[in-house]
Amino acid sequence: MTVDFNEEPHYKFIPSKKATIIKAPFSGGQGKGGVEFGPEQLIKHGLLEEFEELGWKYTIADPLAGTDLIAQKNDPTDVYKNCKRPKMVSECCEKIYHAVSDAHAKKTLPVTIGGDHSIGMSTILAFSNAHPDGGIIWVDAHADINTASTTDSGNLHGCPVAFAMGLDEDNWPPHFAWLKQITKKVKPSQITYIGLRDVDKPEKKILKDLGIKAFSMYHVDKYGIAEVVRQAIEHVADGGKKPIHVSYDVDGIDPMYVVATGTPVRGGLTLREGLFLVEEIVNTGCLAGLDIVEVNPSLASTDTHVMDTVNTGLSIARCALGDTLL
Ligand SMILES: NC(=[NH2+])NCCC[C@H](N)C(=O)O
Ligand SMILES: [Mn+2]
Ligand SMILES: [Mn+2]
């Protein structure tokens, strides 16, 4: 076997290494506090410097500035059937949708920094409207494809994929009218998962019924991460011809490396597997969107654990921006 010395990272769909960093300090998609500090922690510990060092120009968008997130999170009337905080999630996700759509319209790389994963409904929908033939790789311990009817927890961070696909629209909380109006939804064939290991029973049925290709940790163990990523890119991006959005929930990586996250699940990706998959996607030249979500600096008992998690988020960004080990 000959060793493949990679060519310089390149971005076929981003003409001049310009990015838009979209801050999404949002925690309404789940109950725990602290995930709203994700963006400021990542920035405090060097996110912006990474862009500069790796030769990116960037602008920062702050679509939730001026929103009273604390009051909204604590509003006890914001429930609809089993769904928690539908008004807050809907209003914030609409703003994030527009910010990400704007970033795509300007031909920049949208890098959305969460916040909890409910915002994924906005980022993948904005991506697929900007790139109708594009593919989405969702890295996560969870499938986040519960519908408004199947969610057991009522936490909308477990539902963004279902909302972006328009599944079970008839039972959506009425607040999501804006999302209903977006007629081009994400298609099941456009998405694939890597890292799954905690999928709810109704979610398993949805994945099967819709024929969604998903690589669980079982597949990573059996085939190795390199083969899994290859197949994922083959499936969603024709082997590296179409734009790719990566929605990266840091809980896809094992809690050994990522303690400070809201719903950790044992048996996850190693740190290197988690970074390698990003490196490999970048090597196709197709990266055209990125989310880094569920960094919750409040959920670790030591500063070292907080920094492990924050640094994992920073490493994901670094790989996505084209850093190489040599
Ligand atoms: N983005 C996440 N961390 N999602 C966790 C979801 C957990 C569970 N499946 C639920 O629907 O509540
Ligand atoms: Mn998750
Ligand atoms: Mn998730």
Side-chain angles (χ1 to χ4, degrees), residues 24-36 38 79 81-86 89 92-93 96 112-125 136-165 167-168 171-173 186 191-207 212 214-217 220 245-269 274 277 289-299 309 312-313 316:
F26 182 72
S27 74
Q30 47 85 65
K32 295 175 185 167
V35 73
E36 66 274 22
V79 284
K81 295 186 185 164
N82 198 29
C83 296
K84 294 174 181 157
R85 289 173 294 278
V89 173
C92 291
C93 281
I96 292 165
T112 306
I113 308 294
D116 74 55
H117 216 169
S118 52
I119 60 160
M121 74 177 76
S122 308
T123 61
I124 66 175
L125 202 57
I136 296 154
I137 298 183
W138 190 280
V139 184
D140 208 320
H142 310 93
D144 293 347
I145 196 164
N146 272 306
T147 66
S149 314
T150 68
T151 173
D152 192 28
S153 66
N155 292 329
L156 289 169
H157 79 156
C159 308
V161 179
F163 278 71
M165 286 184 180
L167 307 183
D168 193 32
N171 291 306
W172 281 5
V186 171
I191 192 166
T192 190
Y193 292 94
I194 298 178
L196 300 186
R197 56 194 182 278
D198 182 9
V199 180
D200 299 337
K201 209 166 174 193
E203 291 184 299
K204 289 185 179 173
K205 180 166 169 21
I206 294 168
L207 294 178
I212 295 174
F215 299 94
S216 70
M217 285 311 299
V220 174
H245 176 95
V246 176
S247 195
Y248 210 124
D249 182 332
V250 295
D251 73 29
I253 296 180
D254 195 85
M256 178 187 274
Y257 309 95
V258 176
V259 175
T261 190
T263 48
V265 189
R266 296 185 305 163
L269 298 167
L277 73 89
L290 174 69
D291 314 325
I292 302 172
V293 299
E294 300 283 353
V295 170
N296 186 333
S298 304
L299 292 181
T309 307
T312 300
I316 293 166

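Indexing begins at 1, ligand by ligand and atom by atom, following the structure's order.
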Which one holds for [X] and ligand 1: side chain close, backbone close, both close, or neither close, with close meaning a heavy atom under 4.0 Å?
| X | value |
| --- | --- |
| Asp249 | side chain |
| Asp116 | neither |
| Gln30 | neither |

| said: For His157, run the side-chain hydrogen bond (donor to acceptor under 3.5 Å, both in side chains) check against His142, His117, Lys84, Glu294 and tell me which one passes. | reply: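 It is Glu294, the one option of His142, His117, Lys84, Glu294 that forms the side-chain hydrogen bond (donor to acceptor under 3.5 Å, both in side chains) with His157.
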
Checklist entry - Do the ring planes of Trp138 and Tyr193 sit parallel (below 30°), tilted (30 to 60°) or perpendicular (above 60°)? => result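 Rings of Trp138 and Tyr193: perpendicular, over 60°.
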
Margin query: Using a 4.0 Å cut-off to any heavy atom of Asp251, which atoms of ligand 1 qualify?
Written below: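 Counting from 1, the qualifying ligand atoms are 3 (N).
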
- Query: For ligand 1, which atoms, with element, lie under 4.0 Å from some heavy atom of Gly158?
  - Reply: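 With Gly158 as reference, the close atoms of ligand 1 come out as 6 (C), 11 (O).
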
Could you go step by step and tell me if Val89 and Phe26 meet the side-chain contact (heavy atoms from CB on, under 4.5 Å) rule? CA-CA 9 Å; Val89 173; Phe26 182 72; 3.8 Å; yes

Kindly confirm or rule out an N or O of His157 lying under 3.5 angstrom from an N or O of ligand 1.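 For ligand 1, there is an N or O atom that lies under 3.5 Å from one belonging to His157.
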
Worksheet item: Polar-atom distance check: Asp200 versus ligand 1, any N or O pair below 3.5 Å?
Response: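 Yes; the residue has a nitrogen or oxygen that sits under 3.5 Å from a nitrogen or oxygen of the ligand.
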
Over 12 foreign heavy atoms within 6.0 Å of CG, Asn171: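 More than 12 heavy atoms, drawn from other residues, nucleotides or ligands, come within 6.0 Å of this atom.
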
(request) From the options Asp144, Ile119, Asp140, select the one whose nearest heavy atom is closest to atom 1 (N) of ligand 1. (result)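 Ranked by closest heavy atom to atom 1 (N) of ligand 1, first place is Asp144.
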
*asked:* I want to verify a count. Protein N, O or S atoms less than 2.8 Å away from the Mn ion (ligand 3), how many are there?
replied: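 With waters ignored, the protein N/O/S count below 2.8 Å is 4.
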
Decide whether Thr263 and Asp251 meet the rule of one side-chain donor and one side-chain acceptor closer than 3.5 Å.
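Side-chain D/A pair, Thr263 to Asp251: present.
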
- Query: Between Ser149 and Asp168, is any side-chain donor less than 3.5 angstrom from a side-chain acceptor?
  - Reply: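 Yes, because at least one side-chain N or O of Ser149 sits under 3.5 Å from a partner of the opposite role on Asp168.
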
Could you identify the single nearest non-hydrogen protein atom to [atom] and state the distance to 0.1 Å?
| atom | value |
| --- | --- |
| atom 11 (O) of ligand 1 | Asn146 ND2, 3.0 Å |
| atom 3 (N) of ligand 1 | Thr263 OG1, 2.9 Å |
| atom 7 (C) of ligand 1 | His142 CD2, 3.9 Å |
| atom 12 (O) of ligand 1 | Ser153 OG, 2.5 Å |

Any side-chain heavy-atom pair of Tyr248 and Leu277 under 4.5 Å
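Touching, per the 4.5 Å side-chain cut-off.
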
Check: Do Asn155 and Asp116 have side-chain heavy atoms sitting under 4.5 Å apart?
Finding: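 Asn155 vs Asp116: side chains apart.
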
Q. Going from CD on Gln30 to CG on Leu156, what distance comes out if it is rounded to the nearest 0.5 angstrom?
A.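 Answer rounded to 0.5 Å: 11.0 Å.
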
CD1 on Ile253 to OG1 on Thr261, rounded to 0.5 Å: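 Separation between the atoms: 10.5 Å.
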
Next item on the list: Check each of Ile191, Asp291, Leu290, Val186 against His245 using the side chain to side chain contact (heavy atoms under 4.5 Å, CB included) test, and report the only one that passes.
Entry: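 Passing option: Asp291.
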
Answer yes or no: is there a donor N or O on one side and an acceptor on the other, between the side chain of Arg266 and the main chain of Met256, under 3.5 Å?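 No, because the side chain of Arg266 does not come within donor-acceptor range (under 3.5 Å) of the backbone of Met256.
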
